[in-house]
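Take a look at the structure set out below.
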Amino acid sequence: MSDLLEAEYPEALCELDHRNPFELLAATILSAQCTDARVNMVTPALFAKYPDARSLASANPSEVEQIVRSTGFFQAKTKNLIAMAVGLVERFGGNVPTGLDDLVTLAGVGRKTGNVVCSVAFGLPGLPVDTHVGRLSRRLGLTTEDDPVKIELELNSHLPAASWGPFSLRLILHGRRVCDAKKPACDRCVLEHLCPSSILPSHRRTSPTPTRPI
DNA sequence: ATCCCGAGGG
DNA sequence: CCCTCTGGAT
């Protein structure tokens with residue numbers, strides 16, 4: 001099925017504009033409950049004023065708030081951005097660490113954001129699990145878990161490490177555009193014939209097909 | 001109304 | 001485990 005999704009979303013890797021790991025990290029923090037397009041509208045001004053961890057660490061919070069306001073949750077995001085930058089300066093020499101264990105010690109960086117940075121910025125194995133990835137994984141019969149960490153490890157075990165990141169984003173794009181939370185559009189889903197959920201009353205499609213390897 | 005690649009805090 | 005944080009697009 002990963003080949004079907006690859007055909008549907010060929011260049012899935014990241015839709016957040018960035019020129020380096022620091023920019024991707026900041027952009028990903030801003031992306032919570034906000035479209036990538038909206039984030040891409042504010043990051044040019046943000047990075048023009050704060051091009052690196054050191055400048056952001058000493059930023060005036062209200063000036064950062066002004067720039068990132070339209071992405072929503074702007075007070076929490078501003079606090080996290082600055083604290084994240086302070087963490088980079090104080091504990092990582094101003095550089096973005098490459099390991100997930102280090103990344104998640106930074107303010108505003110959870111496992112999902114950490115995995116985005118790992119896989120996109122550093123080309124290291126990382127499978128971000130957000131609500132879309134969790135929902136689609138359950139619908140597709142790839143897991144029965146609810147815990148995002150368990151889902152992440154389960155998906156990891158079925159896929160070559162190099163495709164963890166792209167697979168995650170493909171599930172996310174598919175979750176947004178086709179397999180949404182409330183009313184999945186099974187009638188125009190490329191995975192319909194192999195999706196166990198497509199036979200459920202709530203999805204109500206044609207005929208059953210047993211689960212196959214990803 | 002509902003959705004947008006969450007994370008921190010009580 | 002629940003709550004809160006937020007504005008913009010559709």
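A note on names: the letters A, B, ... follow the listed sequences, proteins ahead of strands, and every chain is numbered from 1.
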Intermediate values then yes/no, side-chain contact (heavy atoms from CB on, under 4.5 Å), A:Asp101 and A:Thr105: CA-CA 7 Å; A:Asp101 292 340; A:Thr105 67; over 6 Å; no
What's the CD-C1' distance between A:Glu65 and C:dG7, to the nearest Å? 14 Å
Of all of residues 104-115 of chain A, which get a heavy atom below 4.0 angstrom from DNA chain B, listed by number? A:Leu106, A:Ala107, A:Gly108, A:Val109, A:Gly110, A:Lys112, A:Thr113
Residues pairing under side-chain hydrogen bond (donor to acceptor under 3.5 Å, both in side chains) where one sits in residues 55-64 of chain A, two or more places apart or in two chains, turn out to be A:Lys49-A:Glu63, A:Asp52-A:Ser55, A:Asn60-A:Ser62
Phosphate contact (C:dA9 OP1 or OP2) by A:Arg38 side-chain N/O below 4.0 Å: yes
What's the shortest heavy-atom distance between A:Val178 and A:Arg188, and which atoms? CG2-NH1, 3.7 Å
Rounding to an integer number of Å, can you tell me how far A:Asp36 CG sits from B:dC3 C1'? 13 Å
Evaluate side-chain contact (heavy atoms from CB on, under 4.5 Å) for A:Arg139 paired with A:Cys186, printing each intermediate quantity in order. CA-CA 12 Å; A:Arg139 283 181 178 169; A:Cys186 300; over 6 Å; no
Might you point out which heavy atoms bring A:Phe47 and A:Ala27 nearest each other, and give the distance in Å? CZ-N, 4.4 Å
Contact summary for A:Cys118 and A:Pro125, nearest pair of heavy atoms: CB-O, 4.2 Å
All heavy atoms of A:Ser197 vs all of A:Leu140, minimum pair found to be OG-N, 4.5 Å
A:Ile67 CD1 to C:dG7 C1', in whole Å, measures 17 Å
Answer yes when A:Asp180 and A:Arg135 have at least one side-chain N-carboxylate O distance shorter than 4.0 Å, and no when they do not. no
Roughly, in whole Å, what's the span from CG in A:Leu25 to C1' in B:dA7? 13 Å
To the nearest Å, give me how far apart CG (A:Asp180) and P (B:dT2) are. 12 Å
Just how far, in rounded Å, is C1' of C:dT10 from NZ of A:Lys182? 15 Å
Pull out every residue in residues 118-136 of chain A that has a heavy atom closer than 4.0 Å to any atom of DNA chain B, ordered by number, or say none. A:Asp130, A:His132
Please encode protein proximity along nucleotides 1-6 of chain C as a string of B, S and -, counting only heavy-atom distances under 4.0 Å. ----BB
Over all atoms of both residues, closest heavy-atom pair of A:Lys77 and A:Thr71: NZ-O, 2.8 Å
Using whole Å, report how far CD1 of A:Ile29 lies from P of B:dA7. 9 Å
Between C:dT6 and B:dT2, how far apart are the two C1' atoms, rounded to whole Å? 15 Å
Under 4.0 Å, heavy atoms only, any strand: does A:Leu169 hit a base, just the sugar-phosphate, or nothing? base
Nearest-Å distance, CG (A:Leu81) to P (B:dA7)? 13 Å
So the salt bridge (Lys or Arg N to Asp or Glu O under 4.0 Å) pairs with at least one residue in residues 13-26 of chain A (sequence neighbours excluded) are A:Glu15-A:Arg176, A:Glu15-A:Arg177, A:Arg19-A:Glu23
Test: ring pair (Phe, Tyr, Trp, His ring centres under 6.0 Å). Region: residues 72-120 of chain A. Which pairs qualify, not counting sequence neighbours? none
